[in-house]
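Here's the structure we're looking at; comments come further down.
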Amino acid sequence: MDRDSSDEDDDRRNLTYRNDTTRSSFNVEELEPQMRRRSKLTFHKGYLFALVLPLLIVFIYFSTDIRSLFTSGISSFKFNTVSDQIRESQLQALHLLNQQQSSLLSIWNHTFVNSNNITTVQFDDIKATLLTQITLNKHMQQILLSPYKAGDTLQNGTALDPSSAGYSFHRCRKVDQKFSERRTIEWKPRRNKFLFAICLSGQMSNHLICLEKHMFFAAILNRALVIPSSRFDYQYNRVLDIEHINDCIGKKVVVPFEDFMKLKKNNAHIDKFICYFSTPQPCYMDEEHLKKLKSLGISMGKLEAAWKNEDVKNPSRKTVKDVEEKFGSDDDVIAIGDVYFADVERDWVLQPGGPIAHKCKTLIEPSKLILLTAERFIQTFLGSNFIALHFRRHGFLKFCNAKKPSCFYPIPQAADCITRMVERANSPVIYLSTDAAGSETGLLQSMIMLNGKTIPLVKRPPRNSAEKWDALLYRHGLEGDSQVEAMLDKTICAMASVFIGASGSTFTEDILRLRKDWGTASICDEYLCQGENPNFISGEE
């Protein structure tokens with residue numbers, strides 16, 4: 001160790017004194033008698049030697065650091081003392097950390113035996129926090145042990161890795177959907193008996209939910225379901241895999257409109273047209289839609305209501321028996337409309353996999369082209385661990401403000417909620433599905449940070465020929481179709497590790513249905529800033 005300036009001055013004085021003494025002693029005792037007897041030339045040589053000697057000594061001093069010769073022993077002693085103190089402190093810290101780890105593992109094993117007084121999410125949060133501390137403890141021990149190369153265990157053999165002892169825990173694990181406990185009904189269509197689906201309320205997401213309920217009605221009534229024409233409704237075959245439904249059931253249960261018209265030789269007649277709701281407008285049918293049906297070569301009788309006072313704003317709960325009584329018929333072709341708001345066997349319909357017996361994960365599934373494109377997008381931009389956020393803004397302000405409390409959140413509040421989920425899910429990136437303006441998404445991006453690092457919000461980029469992830473849609477003429485893009489958004493969100501949805505949005509409900517059916521639903525899924533897990537309806541508590 002270096003000493004202070006006073007010590008250095010002392011060394012210099014001691015060194016000078018020692019040199020002076022040596023030179024004086026030499027001159028007085030040996031040279032003086034001889035110099036008196038020598039010649040003048042000899043005297044000059046001695047004088048020259050006396051002048052050179054101090055210069056030589058100074059040169060040696062500055063070139064060899066003589067000071068170190070006097071201080072090395074002391075410094076070495078002090079260094080060894082401090083090194084021993086550091087070593088002792090590290091060993092004490094390791095001992096304390098080992099005790100902490102033992103206590104944490106003991107709490108892990110014994111404290112959570114009875115968790116009846118807290119919710120599943122709260123319980124999992126506590127366990128996750130505890131495991132984080134155990135893991136942090138492990139890292140600290142490894143850092144302290146690293147200078148000694150002691151491996152991954154302490155001297156007493158305690159394992160540093162909690163997961164090696166069975167303590168691993170996935171904070172946002174998948175929801176157990178209990179598919180084996182599903183209540184189902186067999187779909188066995190009678191020969192030449194058809195149900196014509198009428199879905200007119202809302203946008204595509206509403207129509208898909210309506211179509212799924214029509215499938216349930218068709219199964220109850222033992223009829224094949226006729227998919228509406230694109231001239232009357234959406235072009236479903238661009239976004240759905242129609243044949244997938246038939247393959248899952250094992251028979252022809254769903255018939256495209258074009259095939260239905262061929263069977264009827266382009267002259268179909270709806271024998272009975274029954275409206276599920278009578279208020280505010282029967283079947284949501286207006287003159288324009290009636291004209292469209294007739295232009296397709298379809299004739300029909302008068303519209304009739306199944307119930308006189310059934311209102312879309314306050315639907316009453318119905319059972320399978322109610323459906324059989326009101327819609328059961330021996331007629332070849334019946335039409336039921338619109339059933340989007342129908343509340344029939346809710347628990348049965350909302351269960352993962354749906355109410356109909358089949359051999360697949362889900363009956364209504366995105367087309368193969370959309371599935372492949374979603375997988376390629378995730379592989380290109382997101383990776384397997386990402387959060388999906390449906391951030392609905394356009395047209396949602398008025399809808400949300402009608403609720404108490406409102407479900408429309410300011411950007412700073414939304415960013416805070418999203419950041420907490422990022423921390424909880426430990427995901428490095430967020431897929432953003434939104435109709436928000438760039439000014440809103442830009443502000444949102446700037447405010448989502450964790451540990452000083454910005455968490456990127458990724459949206460699907462515009463078409464670029466240099467990128468190949470969307471090449472399938474482009475080659476099949478589907479690129480730019482708004483309904484295809486909406487289904488692609490839903491599919492990507494359904495594949496996420498964690499999903500944050502918009503409460504009250506049918507777009508979100510479609511995603512939740514897919515996540516439940518595919519088994520991707522997480523216990524961390526929630527409605528934005530509400531902390532309400534929509535998957536608990538499936539029985540996860």
Please answer whether the main-chain N or O of Ala502 pairs with a side-chain N or O of Thr508 as donor and acceptor at a distance below 3.5 Å. yes
For Asp435 and Arg393: C-alpha separation, side-chain torsions, deciding distance, then whether salt bridge (Lys or Arg N to Asp or Glu O under 4.0 Å) applies. CA-CA 6 Å; Asp435 56 2; Arg393 305 293 279 182; over 6 Å; no
Residues in ring-ring contact (aromatic ring centres under 6.0 Å, His included) with Phe196, at least two apart? none
Closest heavy-atom contact between Ile455 and Pro428? CG2-O, 3.8 Å
Within a reach of under 6.0 Å around CD of Gln203, are more than 12 heavy atoms found that belong to other residues, nucleotides or ligands? no
Find the distance between NZ (Lys516) and OG1 (Thr362) and round it off to the nearest 0.5 Å. 12.0 Å
Using 30° and 60° as the class boundaries, would you call the ring planes of Phe327 and Tyr276 parallel, tilted or perpendicular? parallel
Would you call Asp347 and Arg183 a salt bridge, taking side-chain N to carboxylate O under 4.0 Å as the test? no
With a 4.0 Å cut-off on N to O distance, would you call Asp322 and Lys326 a salt bridge? no
Regarding Thr454 and Gln445, is there a side-chain donor-to-acceptor distance under 3.5 Å anywhere? no
In Å, rounded to the nearest 0.5 Å, how long is the span from CG of Asn267 to OG of Ser299? 6.0 Å
Which label fits Tyr236 and Tyr234: parallel for a plane angle under 30°, tilted from 30 to 60°, or perpendicular past 60°? perpendicular
Do Lys272 and Ile274 pass the side chain to side chain contact (heavy atoms under 4.5 Å, CB included) test, and can you show the C-alpha distance, the side-chain angles, and the key distance before you say yes or no? CA-CA 6 Å; Lys272 186 177 290 187; Ile274 309 172; 3.4 Å; yes
Work out which heavy atom in Ala436 is nearest to a heavy atom in Thr441; give both atom names and the distance. CB-CG2, 3.9 Å
Salt bridge (charged side-chain N to carboxylate O under 4.0 Å, His left out) partners for Glu479, two or more places apart: none
Report, one line per pair, each donor and acceptor closer than 3.5 Å where one atom sits in a side chain of residues 330-342; sequence neighbours left out.
from   : atom 1 : to     : atom 2 : distance (Å)
Asp331 : OD2    : Ser329 : OG     : 2.7
Asp332 : OD1    : Lys193 : NZ     : 3.0
Asp338 : OD1    : Tyr340 : N      : 2.8
Asp338 : OD2    : Leu200 : N      : 2.7
Asp338 : OD2    : Ser201 : N      : 3.0
Asp338 : OD2    : Ser201 : OG     : 3.2

State the NZ-CD1 distance between Lys459 and Ile492, to the nearest 0.5 angstrom. 13.0 Å
Approximate separation, where rounding is to 0.5 Å, of Leu369 CG and Thr373 OG1: 6.5 Å
Take atom NE2 in His269; do more than 12 heavy atoms of anything else shown fall under 6.0 Å from it? yes
Closest non-hydrogen contact found for Cys493 with Arg515 is O-NH1, 3.1 Å
Residue pair Ser433 / His390, side-chain donor-acceptor N/O under 3.5 Å: no
Ion pair check, Glu243 and Lys252, cut-off under 4.0 Å: yes
Check this for me: Lys251, atom NZ, are more than 12 non-hydrogen atoms of other residues, nucleotides or ligands nearer than 6.0 Å? yes
Asn464 CG: over 12 foreign heavy atoms closer than 6.0 Å: yes
Using every non-hydrogen atom in the two residues, find where Thr506 and Ser205 come nearest and quote the distance to one decimal. OG1-CB, 3.4 Å
Exam field: side chain Arg460 to backbone Phe377, donor-acceptor pair closer than 3.5 Å: no
Out of curiosity, Trp187 CH2 to Leu221 CG, how far, rounded to the nearest 0.5 Å? 11.0 Å
Short side-chain to backbone donor-acceptor contact, Asp517 and Leu514, under 3.5 Å: no
Hey, is the main chain of Cys529 close enough, under 3.5 Å, to the side chain of Arg420 for a donor-acceptor pair? no
Given 3.5 Å as the limit, does a donor-acceptor pair link the side chain of Asp247 with the main chain of Cys360, or not? no
Does Met215 form a side chain to side chain contact (heavy atoms under 4.5 Å, CB included) with Ile364? I'd like the steps, not just the answer. CA-CA 10 Å; Met215 290 167 57; Ile364 297 184; 3.6 Å; yes
Does Tyr474 have Arg463 sitting over its ring (NZ/CZ under 6.0 Å from centre, angle to axis within 45°)? yes
Can you tell me if Lys174 uses its side chain to pair, donor with acceptor, with the backbone of Ser497 under 3.5 Å? yes
May I ask you to decide if Pro189's main-chain N or O and Asn222's side chain share a donor-acceptor pair within less than 3.5 Å? no
Ignoring hydrogens and geometry, is there a side-chain-to-backbone donor-acceptor pair from Arg182 to Gly353 under 3.5 Å? yes
Considering non-hydrogen atoms only, spot the tightest contact between Ala218 and Leu225 and give its length. CB-CB, 4.3 Å
Nearest 0.5 Å, please: how far is SG in Cys248 from CD1 in Ile356? 11.0 Å
Do you know which two heavy atoms are closest between Val498 and Met421, and how far apart they sit? CG1-SD, 3.9 Å
I'd like to know if the side chain of Thr520 and the backbone of Ala494 have a donor-acceptor N/O pair within less than 3.5 Å. yes
Would you sort out whether Gln235 and Asp481 count as a side chain to side chain contact (heavy atoms under 4.5 Å, CB included), showing the intermediate values? CA-CA 11 Å; Gln235 192 170 350; Asp481 186 313; 5.9 Å; no
Can you confirm whether Asp510 sits close enough to Met204 that some side-chain heavy atom of one is under 4.5 Å from a side-chain heavy atom of the other? no
So, Glu310 side chain and Ser316 main chain: donor-acceptor pair closer than 3.5 Å or not? yes
Looking at Gln379, I want to see if its CD is surrounded by more than 12 non-hydrogen atoms of other residues, nucleotides or ligands under 6.0 Å. no
I'd like to know whether the aromatic ring centres of Phe232 and Phe257 sit less than 6.0 Å apart in this structure. no
